[in-house]
There are 2 protein chains.
Amino acid sequence: MSRWAMVKKSARNPRREGSLSRERIVEASIALLDDGGEDGLTFRALSERLATGAGAIYWHVPNKGELLTAACDAIIARTMNAVAAGASPETTLRDVALGLFDAIDAHPWVGSALMRSPGQLPMVRIIERIGQQVRRLGVQEKAQWAAVGTLLNYILGVGGQNAANGQLARAQEIDRSDFLGSVATAWSALDPGDYPFTRSLADKLRSHDDREDFLAGLDLILSGIRNALPD
Amino acid sequence: MSRWAMVKKSARNPRREGSLSRERIVEASIALLDDGGEDGLTFRALSERLATGAGAIYWHVPNKGELLTAACDAIIARTMNAVAAGASPETTLRDVALGLFDAIDAHPWVGSALMRSPGQLPMVRIIERIGQQVRRLGVQEKAQWAAVGTLLNYILGVGGQNAANGQLARAQEIDRSDFLGSVATAWSALDPGDYPFTRSLADKLRSHDDREDFLAGLDLILSGIRNALPD
DNA sequence: ACCTGAACACCGTTCAAGT
DNA sequence: ACCTGAACACCGTTCAAGT
C-alpha cells in the first residue's frame, strides 16, 4: 500500500468531489432558477440534478425559502463586489443601481427573491453600499434613512416589476417585449373617458427602454436628495 | 298554487341567494386572504367556505392568479374611489399614495398581488390617478412617464416590503413589529468593519414609523419632480 | 456526520357526470 | 348553464433506516 493511500481524510480537508455542500446546492439552484424561472426550483429537480435524495438537501439547508435567499445572495454579493470603488458618490450610487438592474434583468427571479426577504443578508449588502454613498454625499444624519429607503424601495419596485413581467411572459411562453406589447394593446382598448392618461401611455410602453426609464427615475430621486442637502 | 310561485326565474333576474357568482367568490377570497395571509387562499378553503366544489369556482374564474388579481382589484378600486377630488395636485398625490399605503397595511397580501400583476387593471387604476395629477402639476409631456413610473415603483417597493414583512412575521407566528425587532437585533450583531452603516441603522429600525418614512420618501420624489418643472 | 427514498399532507387544475 | 367531487400530477417537508 503506497503512502498516498494511507493519507487519512482530515476533517479539515475539502470533501470528496461528488459530495454535497451548501455551495454546490446554491449553485445548482441558480442554474435551475435561471432556466426555469421562479418555479424552476423544486426539491425534486434539485435532487435529480445533484443525483441525491431530497432529504440530503435538507441536511445542508433548512427550507426552500432560505435556499432561495441564499441563491439570491450569491448573485447580489457578486453584483455589489463588481461595483468600482473610488468614483464620486453620485456615480457610485448610479453604478450600484445599474448593477442591480442588470443583475435582475439577467436573473429575473432575483427581483422577487429580494422582495421576499426583507432585512436579510442580500438586502443588507445593498443598504450598506447605498448608505455609505449617501453619507459621502453629505446627507444629514437624520435624513439618511429616508434617502436610503427611498432609493432602495424604488430599486426594489422596479426589480419586482421586471421579475413579474418575466414571470408572466414565461407563463404565456412569449418573450418579455411581446408581453409588454400585449399590455400596450390592452391599454389602447381602455375607455377614453375613464383612462385618458393610461391610454396615452400605450405607445410609450411599446417603445420604451426599461433601463433608460430606470435611470431617469433614479436621477429624479437623486435630485430630490441633493435638494435637501444642508447649506 | 299562488301567482308568486308561478313567477319564472328570468335570465335577467339576480341568481338565487345561495348561488355562486364572481363577486361572491372574490369577496370570499378577500376574507380568506385577510385572515390567512398570502397562502390562506386555496381552492379547497374557498370551496368549503362557499359550500361548493372546486370545479364550480373554475366555472366563474379562469385560475388562481386571476382570482388573486380580482381580489386585489376590489381593494384598489375602493381605495382609489375613496380619494377626495378637488384638492391640489400635490395633496391629491399624497392622498393616493397614503391611501395605498394604508390599504396594503390593512391587507398585506395586496402588496404582493399588486407586484405580481404588472399592467393589469389594479395597476391601471393607480397609474391613471397618479398620471392625472402629474399632468395637473405641469410636468412636461415627455417627463410624465418618468415621474409616474418613479412614484409608482416607489409605492410598489414599499408595499411589497410591507407585504413581505407581514408574511415572514406570520410564518414565525409573531407580529410585524416583533419581526422588525428581530431584524434589528441581527443588524446590531453585524461586523462593524463590513457593515458600519447598516449597524448604525439598527436602532432606527426598532423605533421607526413606517408610515412617516413612507411619506418622507414620497416628498423626496415630489421635490425631485418639482425640480424638473419647466420655467 | 451525512445520505436515501418512501411517505405524508398538502396544492391547482381537469373532467366525466349530474341537474 | 351551472355545479359536483373524484382523480391527476404535482408540491415541500419529515423521518426511519442505512453507511
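Naming: A, B, ... by sequence-line order, numbering from 1 per chain.
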- With sequence neighbours excluded, what pairs up with B:Asp175 under the side-chain contact (heavy atoms from CB on, under 4.5 Å) test? B:Ser177, B:Asp178

- Message: For DNA chain C, please output the secondary structure as dot-bracket, reading 5' to 3'. Pairs are Watson-Crick or G-U wobble, both atom distances under 3.5 Å; mark crossing pairs with [ ], other-strand partners with |, unpaired with a dot.
- Response: ||.|||||...|||||.||

Are there any protein N/O atoms within less than 3.5 Å of an N/O atom in nucleotides 14-19 of chain C, and if so, which ones and at what distance?
none

- Note on the structure: The side-chain contact (heavy atoms from CB on, under 4.5 Å) partners of B:Ala70 (sequence neighbours excluded) come to B:Arg22, B:Val26

- Task: Determine the contact category for B:Asn63: base if any of its heavy atoms lies under 4.0 Å from a base atom, sugar-phosphate if only primed atoms, P, OP1 or OP2 are that close, otherwise nothing.
- Result: sugar-phosphate

- Message: Suppose we screen for side chain to side chain donor-acceptor pair (under 3.5 Å). Which residues come up paired with B:Ser29, at least two apart in sequence or across chains?
- Response: none

- Message: The side chain of A:Ser19 is closest to which nucleotide in this list: D:dC3, C:dC3, D:dT13?
- Response: C:dC3

Let me have the donor-acceptor pairs involving side chains of residues 153-173 of chain A, under 3.5 Å, with sequence neighbours excluded, atom names and distances please.
residue  : atom : partner  : partner atom : Å
A:Asn153 : ND2  : A:Gly149 : O            : 3.0
A:Tyr154 : OH   : A:Phe214 : O            : 2.9
A:Asn165 : ND2  : A:Gln161 : O            : 3.3

- Check the distance between D:dT13's C1' and A:Leu67's CG and give it to me in whole angstrom. 14 Å

- Message: Counting only heavy atoms and a strict 4.0 angstrom limit, can you tell me which residues of residues 40-48 of chain A come near DNA chain D?
- Response: A:Leu41, A:Thr42, A:Phe43, A:Arg44

- Note on the structure: For residues 19-51 of chain A, the ring-ring contact (aromatic ring centres under 6.0 Å, His included) pairs (sequence neighbours left out) are A:Phe43-A:Tyr58

- Task: Calculate the interatomic distance between B:Trp59 atom CH2 and D:dC2 atom P; express it in whole Å.
- Result: 4 Å

What donor-acceptor contacts under 3.5 angstrom involve side-chain atoms of residues 95-114 of chain A, with partners at least two apart or in another chain?
residue  : atom : partner  : partner atom : Å
A:Asp102 : OD1  : A:Arg211 : NE           : 2.9
A:Asp102 : OD2  : A:Arg211 : NH2          : 2.8
A:His107 : ND1  : A:Asp34  : OD1          : 2.7
A:His107 : ND1  : A:Asp34  : OD2          : 3.2
A:Trp109 : NE1  : A:Asp34  : OD1          : 2.8
A:Ser112 : OG   : A:Glu38  : OE1          : 3.4
A:Ser112 : OG   : A:Glu38  : OE2          : 3.3
A:Ser112 : OG   : A:Trp109 : O            : 3.3

- Measure the distance from CG on A:Leu20 to P on C:dC3 and round it to the nearest whole Å. 5 Å

- Partner residues of B:Phe197 under the ring pair (Phe, Tyr, Trp, His ring centres under 6.0 Å) criterion, sequence neighbours left out: none

- Whole-Å distance, A:Ile25 CD1 to C:dC2 P, equals 12 Å

- Which of these nucleotides, C:dC3, D:dC3, C:dT13, is closest to any side-chain atom of B:Lys64? C:dT13

- Note on the structure: Applying salt bridge (Lys or Arg N to Asp or Glu O under 4.0 Å) to A:Asp73 and not counting sequence neighbours gives A:Arg125

- Separation of atom CG in B:Asp39 from atom P in D:dG12, rounded to whole Å: 13 Å

- Query: Of all residues at least two apart in sequence or in a different chain, which pass the side chain to side chain donor-acceptor pair (under 3.5 Å) check with A:Glu128?
  - Reply: A:Gln132, B:Thr198

